[in-house]
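Here the structure comes first, spelled out in structure tokens, and everything after it is commentary.
As a basis for the values below, the full set of heavy atoms in this structure was taken, side chains included, without hydrogen atoms, waters or symmetry mates. These figures come from a predicted structure and were not determined experimentally.
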Amino acid sequence: MFDKSSQWILLETFDDFDNGLSDLIELWSTTATQAVKDSALAHFKENLEGAMLNWADNRAKSKKYAAISEELAEFEEALKES
């Protein structure tokens, strides 16, 4: 998600998103500032929305990205509850 210089790395493949979601969830257990966490979440959501639009015509890939989106929604709900 972020490189060593704290620049956002564009997520492009399903594996990028799958790993990125795990990284995003782990980020919440670190001492990173809330601004960094919020930025990471916003970037992830933006990249995911773009990927879902790109693969809207491909049923198999669309389902995979929809699954990531569902997991992200569950994570966001857990954040709201805590």
Side-chain angles (χ1 to χ4, degrees):
M1 292 192 346
F2 290 105
D3 65 13
K4 293 181 193 257
S5 64
S6 298
Q7 295 298 311
W8 179 256
I9 299 170
L10 181 64
L11 304 175
E12 298 182 62
T13 68
F14 176 78
D15 286 339
D16 289 346
F17 284 100
D18 193 35
N19 294 330
L21 182 58
S22 295
D23 292 345
L24 184 66
I25 292 168
E26 286 179 26
L27 180 63
W28 252 258
S29 65
T30 69
T31 58
T33 66
Q34 191 62 44
V36 168
K37 293 174 182 180
D38 291 342
S39 176
L41 179 59
H43 279 95
F44 187 89
K45 288 172 72 172
E46 182 179 325
N47 283 178
L48 182 58
E49 287 173 12
M52 290 178 74
L53 288 173
N54 285 340
W55 294 109
D57 294 336
N58 183 316
R59 188 176 183 141
K61 287 201 179 206
S62 183
K63 282 185 174 184
K64 285 183 172 183
Y65 286 100
I68 293 282
S69 182
E70 288 175 24
E71 289 181 49
L72 179 61
E74 290 174 10
F75 173 63
E76 287 183 292
E77 187 62 33
L79 289 176
K80 289 178 186 175
E81 292 176 3
S82 62

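The side chain to side chain contact (heavy atoms under 4.5 Å, CB included) check on Glu76 picks up Leu41, Lys45, Leu72, with sequence neighbours excluded. Annotation: side chain to side chain contact (heavy atoms under 4.5 Å, CB included) contacts of Ser29 (sequence neighbours excluded): none. With sequence neighbours excluded, the residues forming a side chain to side chain contact (heavy atoms under 4.5 Å, CB included) with Glu77 are Lys80, Glu81, listed by chain and number. For Ile25, the side chain to side chain contact (heavy atoms under 4.5 Å, CB included) partners are Leu21, Phe75, not counting sequence neighbours.
Remark: Thr13 OG1 to Asp16 CG distance equals 3.0 Å, nearest 0.5 Å.
A distance-only check finds no donor-acceptor pair linking the side chain of Asp23 to the backbone of Gly20 [under 3.5 Å].
Using cut-offs of 30° and 60° on the angle between ring planes, the pair Phe44 and Phe17 is perpendicular.
The hydrophobic cluster containing Leu53 does not contain Leu11, counting ILVMFWY residues as joined when their side-chain heavy atoms lie under 4.5 angstrom apart, directly or transitively.
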Which donor-acceptor pairs under 3.5 Å do side chains of residues 56-70 form with protein atoms, sequence neighbours excluded?
unit_1, atom_1, unit_2, atom_2, d
Asn58, OD1, Ala60, N, 3.3
Asn58, OD1, Lys61, N, 3.0
Tyr65, OH, Phe14, N, 3.0

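Among residue pairs with one or both ends in residues 26-44, none qualify as salt bridge (charged side-chain N to carboxylate O under 4.0 Å, His left out); sequence neighbours excluded.
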